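It should be emphasised that the depicted structure is a prediction, and the values quoted were computed from it without experimental measurement. Numbering starts at 1 and runs along the sequence shown.
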Amino acid sequence: MKKQVEIRLADAIEKETPDVLPRILQRIAEKRETQEAQHVVAPAVKKRSPLRAWAVAAAAVLVLALGGTYTYRNLTPDSSIALDVNPSILLTVNRQERVLSVTPQNADAEVVLDGMDLKNVDLDVAVNALIGSMLKNGYISELANSVLISVENSDPAKAAQLQEHLAQSVGELLRANNLAPSVLSQTVTEDEAVKALAEEYGISEGKASLIYKLVELDATLTVDHLAKLQVNDIKLLIEARQETPAGVSAEGTASSAAYLGTDAVKEIALADAGLDAAETTFYEISFDLDDGQMVYELEFMSAGTEYEYEIDAASGAILQKEQKGNAKEQTKNTTAPTAPATSPLIGVESAKDCALKDAGLSASEVTFSKAKLDEEDGVQVYEIEFRMGKIKYEYKIDAATGAVLEAEQDD
């Protein structure tokens with residue numbers, strides 16, 4: 001019984017299995033006939049040399065490696081560049097200075113980009129396009145002409161070179177658009193504190209780095225207030241202090257056209273004091289920041305009386321005012337060997353020269369941070385402060401005689 005089942009199963013399989021061998025043989029025969037008709041001779045198969053086979057394989061590997069390296073270098077970020085005005089934009093570029101990404105860091109930056117695709121564009125072309133859009137949208141104008149450029153690269157020399165190049169390029173772009181350029185530029189390195197500050201206030205790490213440097217330079221300024229300012233206002237504050245933070249390059253003069261101007265605030269202060277310009281001597285008018293508000297600080301003398309005013313830079317409102325002494329009191333209380341208060345003063349520039357002469361330095365070697373007329377124990381003095389490198393000099397110069405009353409040097 002079992003044998004019969006096996007025979008039947010074999011017959012069924014034979015019937016269902018196609019006989020393909022005749023067809024295969026027929027195709028081979030047809031191919032031979034075709035080759036003979038066309039006199040085609042099949043090439044002999046040569047035995048490949050092991051050395052040649054190795055060389056071919058090595059060449060293939062090299063091509064793949066070079067191709068991979070090329071792609072890797074082109075897609076690897078090499079430098080980061082932040083452009084700040086009020087719009088804040090971050091660009092990353094590769095070693096060939098081709099743009100890999102453009103990141104808007106606030107709402108104003110979205111307006112500037114407006115759908116622009118700058119990927120794989122040359123850096124100079126991208127910066128040109130971004131500055132052009134800022135001009136078009138009114139973020140850079142005669143009212144606010146300052147730009148901050150921050151460059152990060154693991155190679156300090158390359159970062160400095162790129163910083164200088166971009167500062168020059170942006171300056172030329174502004175001049176080409178009939179604007180006086182005002183450019184702050186710096187190189188930055190990765191810093192967790194700066195990164196945290198940038199995230200907290202929604203600003204670029206470049207702007208955060210500049211703010212840290214300013215606060216270190218002047219403790220009266222606060223991070224909270226500075227973070228809310230546009231770059232142009234920050235540049236005005238730096239210029240008022242006559243000292244640029246370490247590691248920051250400053251070119252040009254920031255526009256103050258958005259504010260009242262020195263002549264207007266002089267008139268406001270004189271009208272309030274009931275004085276005439278002819279009978280007063282102004283020795284300081286500068287920008288400052290008070291509780292996050294841009295203000296003018298004015299100091300002037302009239303008939304032996306010193307006046308100090310703080311006036312809102314935009315509205316002209318008098319925020320603070322102070323009046324010190326008069327001619328009679330100063331003459332009566334003078335104890336130091338100096339001329340009476342009515343004697344002509346030597347002037348700020350002469351006082352600077354007296355301090356420099358005592359320090360054995362020249363004006364080209366130092367950066368002045370303070371030069372103002374003041375009163376001490378009834379004596380008019382010039383308070384002079386300047387730096388040379390990391391050394392700070394503080395002087396008090398007799399305003400009438402030029403004598404050095406006090407001298408201090410701090411490292």
Side-chain angles (χ1 to χ4, degrees), residues 78-153 158-188 203-204 206-207 210 229-239 244-245 247-259 261 287:
D78 184 58
S79 300
S80 296
I81 298 100
L83 296 177
D84 284 282
V85 176
N86 186 50
S88 181
I89 298 173
L90 179 67
L91 301 97
T92 59
V93 300
N94 61 17
R95 293 179 65 180
Q96 289 75 39
E97 294 183 7
R98 289 277 175 177
V99 175
L100 298 176
S101 65
V102 182
T103 308
Q105 300 194 295
N106 56 15
D108 288 337
E110 296 277 5
V111 175
V112 171
L113 287 171
D114 190 27
M116 279 194 291
D117 184 8
L118 299 175
K119 191 172 182 180
N120 204 35
V121 170
D122 181 78
L123 176 61
D124 285 337
V125 175
V127 169
N128 197 325
L130 293 172
I131 295 297
S133 182
M134 289 184 192
L135 287 162
K136 176 184 174 183
N137 288 283
Y139 292 111
I140 302 175
S141 67
E142 292 180 351
L143 301 179
N145 63 333
S146 299
V147 180
L148 170 64
I149 301 167
S150 306
V151 178
E152 181 180 352
N153 188 288
K158 186 172 182 179
Q161 183 180 12
L162 190 54
Q163 170 198 345
E164 183 180 356
H165 169 72
L166 290 174
Q168 183 178 351
S169 296
V170 170
E172 290 173 355
L173 286 172
L174 296 185
R175 275 189 288 272
N177 285 274
N178 300 316
L179 283 178
S182 173
V183 181
L184 290 168
S185 61
Q186 61 182 352
T187 59
V188 295
I203 58 178
S204 74
K207 186 176 179 181
L210 176 64
L229 295 182
Q230 294 188 13
V231 170
N232 197 72
D233 286 341
I234 293 176
K235 180 84 159 32
L236 286 170
L237 294 175
I238 291 174
E239 291 171 1
T244 305
V248 179
S249 295
E251 300 174 20
T253 302
S255 172
S256 60
Y259 299 112
F287 278 103

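Although no hydrogens or angles enter the test, the distance criterion places a donor-acceptor pair under 3.5 Å between the side chain of N106 and the main chain of S88. For K235 (side chain) and G252 (main-chain N/O), a donor-acceptor pair under 3.5 Å exists by modelled atom type. When atom types are taken as modelled, the side chain of E239 and the backbone of A254 share a donor-acceptor pair closer than 3.5 angstrom.
Every pair tested for salt bridge (Lys or Arg N to Asp or Glu O under 4.0 Å) that includes a residue from residues 134-147 fails, sequence neighbours excluded, so the list is empty.
Once rounded to the nearest 0.5 Å, the distance linking CG of D233 with CD1 of I238 reads 11.5 Å. Residue M116 holds its CE atom at 5.0 Å from CG of L130, rounded to the nearest 0.5 Å. Distance check, rounded to the nearest 0.5 Å: OG of S169 to CG of L123 gives 8.5 Å. Taking CG of L91 as the start and OG of S101 as the end, the distance is 7.5 Å to the nearest 0.5 Å. Atom CG of residue L173 and atom CG of residue N128 lie 4.5 Å apart, to the nearest 0.5 angstrom. To the nearest 0.5 Å, atom CG of residue L135 and atom CD1 of residue I131 are 7.0 Å apart.
Between the side chains of Q163 and S185, at least one donor N or O lies within less than 3.5 Å of an accepting N or O.
The environment of E172 atom CD is dense: over 12 non-hydrogen atoms of other residues, nucleotides or ligands sit within 6.0 angstrom.
G206 and Q186 make their closest contact through O-NE2, 2.7 Å (heavy atoms, listed as atom of the first residue, atom of the second, distance). Contact detail for M134 and I89: the closest heavy-atom pair is CE-CD1, 4.1 Å. N145 and P181 get closest at one heavy-atom pair: ND2-C, 4.1 Å.
S146 pairs by the side-chain hydrogen bond (donor to acceptor under 3.5 Å, both in side chains) definition with S182, N232, not counting sequence neighbours.
Two residues are said to be in side-chain contact when any heavy atoms from C-beta on lie closer than 4.5 Å; S256 and L236 meet this criterion. Under the 4.5 Å side-chain criterion, counting only non-hydrogen atoms from C-beta, L166 is in contact with V151.
When each of V85, L83, D84 is tested with P87 by the rule side-chain contact (heavy atoms from CB on, under 4.5 Å), just one qualifies, namely V85.
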